[in-house]
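These numbers come from the heavy atoms of this one structure, side chains and all, not from hydrogens, waters or symmetry mates. The residues of the chain are indexed from 1 along the displayed sequence.
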Amino acid sequence: MRAMIRFGKRPRLRFISHLDLQRFFQRALNRTGLPVAFTQGFNPHPILSFGSALALGWTSEYEILDFKLSVPMGRKRTEEAMRAALPEDLPVLEVKLVDDRHPAPMAMVRASDYAISLSGETAQATMDAVDAFLAREHVPAIRKTKSGEKEVDIRPLAIALEKTENGLSARLKLTETDTLKPDLLVRTLAELAGVEPPEARIHRVCLLGEDETGALRPLMEL
């Protein structure tokens, strides 16, 4: 049996790195008293994974922790133990127990929803560039990769994009081969507007996967 925990990352912890978060959760699981399954060898640690690493400085209400239990547990008991072990800035928002054969969250992710708050003198011009972006069939942008910088067409990677009162609402592809990060989207919109990129606060709203029909749905519903 495995437990899938949806948790949030609030502003006070937005500069905690993903690696530090992994270490923290390893210690937190030890405090829960739950029968967490451990790896074998000289340095055993909890068997866990995450849905998708959150970039430094971003906040979220839809992070997924997946860990293995050595014996079956009830959902309520698991949720109570996790809530007691985590600080209020990492709130437990949802708990789901799944069979060991259930796909790993990171293998299920296909897209992510973001709320992007923009501020500064160029914020409005950047927001106003949304119409021009959506009207184009191709939008080239420079993306940094492990092998260096690469020009990619980001237009098909933006599944949905619209202006909000203070910024943008975006649904962007998030897979191993096709990913559009919201900060690159903001920079590209600013370039289309001919202005410097505004200050952006990025908040992850949801991680999405595909159901049997190919439709995108929140990960915890799959």
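A donor-acceptor distance shorter than 3.5 angstrom exists from the side chain of S70 to the backbone of P35, with no hydrogens or angles considered. Judged by distance alone, with hydrogens and angles left aside, the side-chain atoms of R6 form a donor-acceptor pair with the main-chain N or O of E61 at under 3.5 Å. The main-chain N or O of T175 is never found under 3.5 Å from a side-chain atom of R110 such that the two would form a donor-acceptor pair. Side-chain atoms of R83 come within 3.5 Å of backbone atoms of V92 as a donor-acceptor pair (strictly under, hydrogens ignored). Side chain of T39 to backbone of H45: a donor-acceptor contact under 3.5 angstrom is found.
Here the CZ atom belonging to R217 is positioned 5.0 Å from the CD atom belonging to E221, to the nearest 0.5 angstrom.
Under the rule for a salt bridge (Lys or Arg N to Asp or Glu O under 4.0 Å), D100 has no partner lying at least two apart in sequence or in another chain. When the salt bridge (Lys or Arg N to Asp or Glu O under 4.0 Å) test is applied to R12, the partners found at least two apart in sequence or on another chain are D89.
Hydrophobic cluster membership for L56: F15 (Ile, Leu, Val, Met, Phe, Trp, Tyr linked by side-chain heavy atoms under 4.5 Å, directly or transitively). Through direct or relayed side-chain contacts under 4.5 Å between Ile, Leu, Val, Met, Phe, Trp and Tyr, I159 connects to L208, L216.
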List the steps, then state whether side chain to side chain contact (heavy atoms under 4.5 Å, CB included) holds for F50 with D66. CA-CA 6 Å; F50 292 84; D66 180 296; over 6 Å; no
For Q124 and D128, what are the C-alpha separation, side-chain angles and deciding distance, and is it a side-chain hydrogen bond (donor to acceptor under 3.5 Å, both in side chains)? CA-CA 6 Å; Q124 189 60 53; D128 291 341; 3.0 Å; yes
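Ring pair F7/F25 is tilted by interplanar angle, where 30° to 60° counts as tilted.
For residues 178-197, no residue pair satisfies the side chain to side chain donor-acceptor pair (under 3.5 Å) rule, not counting sequence neighbours. Screening residues 60-109 for ring pair (Phe, Tyr, Trp, His ring centres under 6.0 Å) gives no qualifying pairs among residues at least two apart or on separate chains.
We find that R101 and D99 are joined by a salt bridge, their nearest charged nitrogen and carboxylate oxygen being less than 4.0 Å apart. Under 4.0 Å is where a charged nitrogen must lie from a carboxylate oxygen, and between E137 and R155 no such pair does.
Residues I47 and M106 fall into different hydrophobic clusters, defined by Ile, Leu, Val, Met, Phe, Trp and Tyr side chains chained together at heavy-atom separations under 4.5 Å. I64 and I16 sit in two unconnected hydrophobic clusters of ILVMFWY residues. Membership requires side-chain heavy atoms under 4.5 Å apart, directly or through other members.
R171 approaches D113 most closely through the heavy-atom pair NE-OD1, 2.7 Å.
When each of L134, L180, D131, I116 is checked for a side chain to side chain contact (heavy atoms under 4.5 Å, CB included) with L161, only L134 meets the rule.
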